[in-house]
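Along the sequence shown, residues carry numbers from 1. Keep in mind it's a predicted model, so treat the numbers as computed, not measured.
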Amino acid sequence: MDDRQKRNLTFFTIGLIFMLSGIEYAVILPTIWKYLQILEAPPYFLGLGLSAFSLSGLLTGPVFGLWSDRSKTTKPIILFSNIFEIAGNFMYFIGYSKWLLLCSRLVAGIGAGAGSSIFGFLTRSTRPEERAGIFAAIMAARQAGLLIGPAFNLFLRLCDFKLGPFVVNKYTSPGIFMCLLWVLLQFAVLAMYWDVPPISSEEGAAVNLEMKREGEEAPLMGSDEGPVNTYRALGTDQLESSASCEMQPVNGASNPFKNFSASREFLREEVVVLLTAQFITLFNQTALETMVTPLTQRYFGFGELGNSLMYSLCGVEVILGFFFVRWLSSKVADRAVLAVGLVICCTACIWCLVFLCNPRGGYGWELSAFIIGVFLQLLGLPFVAVSQVSLFSKVTAEKTQGFSQGVRRSVGGLATILGPLWAGGLTNNLYIMLGMMLALLVMITVSRASSLN
């Protein structure tokens, strides 16, 4: 098997990993609210349960990224991290108490930390011009999981039997189901994942030397014309280090962090803007996701089946959005895609603030306003998600990409912790919840627009 075939199978396996993460989210989210109610948990435990998973990923993401940067491998990291996914989902299946349920999400979240290593691997394995398209495809795989997950819920909700001392019902079955899927994924990683060389040494050196020779400073937030504030995708010292590093054999003695400075890497304006965009969009997304289940139960009487069907339709929209952005990213600059996404997200938040906080007009109008709000929110997600990940990979050093992606995902993890906590306590005060979300969106949109001047 040649390197090209190994590379394709490896990318396919990465797609499976992200698809399973989407399936896990989709089979657990529609039922965790009532699962907690059965365990006599107070309402704020919904926010805690959803945030616990992100907390573990926040803490372990940079660690796994550092491991991959130093070892130049990701396969052992994935196999190791999946063990926590297996254990966490089995604990969710047992579910004797609300505290065990909370711990189960903490343990499973450790496994999600390997995503930083995977994004670092993808950055080193792709050229800048193709990177956004590949990121879009990988993210679409997770959305495919979000689409497939509710379909599994259609039969999981019918479970009602005992497995030894354990009760298998529509609330516990997602745990054992995901446990088995992660076990099967271990075999897929063993058989179809290789730490293939990203690109040949000559190609890597040629790309970097060409960038250095041209001396172009591609503006992240600037317009395509005119002299504006510009930023270097990689600093000169980083380019020289990257070029020389790729022309040398990789060995255990190499240290990609020899001349690394966290403040110099992450406190640059373009990096701060992207990390802020990452935080705000994920904060708003997870806050709205937390709000949706109680809202549909209160106003529309949706149960597990209704929520599952709703998430399926949402998954279709987001997948189509990611493939549209995959096409669009080859036509326009990433910064333009980011701008479009932020405008759509602002529009969605304004719509929800106007029409969902105090719904009037009867069931039909209320449901229509809800559908439009959710549609607009999901429409902006692919634009922002793909563009900010692609831009971030281009403005940070390639040799420490695993750690940098870990920092980025930790910022996102912090947002997904605070988002559900913010929304979980304000499900009856939508004006406050949505008002804060809109303020954050306006702030990052204005920051991005002002950088054009």
Would a 4.5 Å heavy-atom cut-off, applied to side chains only, mark V389 and M139 as touching?
yes

Before giving the answer on side chain to side chain contact (heavy atoms under 4.5 Å, CB included), spell out for S173 and F155 the whole-Å C-alpha distance, their side-chain angles and the decisive distance to 0.1 Å.
CA-CA 10 Å; S173 57; F155 74 83; over 6 Å; no

Hey, is E270 close enough to K394 for a salt bridge, meaning N to O under 4.0 Å?
no

Give a yes or no on whether F166 atom CZ has more than 12 heavy-atom contacts from other residues, nucleotides or ligands under 6.0 Å away.
yes

Q405 versus G120, closest heavy-atom pair with distance
CG-N, 3.9 Å

Determine the interplanar angle of the F80 and F64 rings, folded into 0 to 90°, and report it as parallel if under 30°, tilted if 30 to 60°, perpendicular if over 60°.
perpendicular

Run N89 and E85 through side chain to side chain contact (heavy atoms under 4.5 Å, CB included) and show every step you take.
CA-CA 6 Å; N89 279 285; E85 288 279 9; 3.7 Å; yes

Polar contact flag, side-chain donor to acceptor under 3.5 angstrom, R409-S116:
no

For M436, I'd like to know if atom CE has over 12 heavy atoms of other residues, nucleotides or ligands within 6.0 Å.
no

Identify the heavy atoms of D69 and R124 that sit nearest to each other, and give their distance.
OD1-NH1, 3.0 Å

Between Q377 and C345, the two heavy atoms sitting closest are OE1-O, 4.5 Å

Does OH in Y96 sit with more than 12 non-hydrogen atoms of other residues, nucleotides or ligands closer than 6.0 Å?
yes

So F177 and F152, would you call those rings parallel, tilted or perpendicular, with 30° and 60° as cut-offs?
tilted

So for atom CZ, which belongs to F12, do other residues, nucleotides or ligands contribute more than 12 heavy atoms lying within a distance under 6.0 Å?
no

Looking at L185 and L16, what are the two nearest heavy atoms and their distance?
CD1-CB, 4.0 Å

For F90 and F93, take the angle between the two ring planes, folded into 0 to 90°, and tell me which bin it lands in: parallel under 30, tilted 30 to 60, perpendicular over 60.
tilted

K170 and D160: salt bridge (charged side-chain N to carboxylate O under 4.0 Å, His left out), yes or no, with the steps?
CA-CA 7 Å; K170 60 183 178 181; D160 187 14; over 6 Å; no

Any side-chain heavy-atom pair from R326 and F322 closer than 4.5 angstrom?
no

Taking the ring of F45 and the ring of W99, is the distance between their centroids below 6.0 Å?
yes

Side chains of R7 and S125: any donor to acceptor distance under 3.5 Å?
no

Main-chain N/O of C159 paired with N169 side-chain donor or acceptor, under 3.5 Å:
no

Compute the centroid of each ring, for Y92 and then for Y35, and state whether the two points are separated by less than 6.0 Å.
yes

M443 versus I280: any side-chain heavy-atom pair under 4.5 Å?
yes

Does either side chain, that of W182 or that of E24, offer a donor lying less than 3.5 Å from an acceptor on the other one?
yes

Test L328 against F383 for side chain to side chain contact (heavy atoms under 4.5 Å, CB included), laying out the working first.
CA-CA 9 Å; L328 185 65; F383 290 84; 3.8 Å; yes

Just one of V63, I118, T74, D195 clears the side chain to side chain contact (heavy atoms under 4.5 Å, CB included) bar with S68, so which one?
T74

Do the ring centers of F119 and F135 come within less than 6.0 Å of each other?
yes

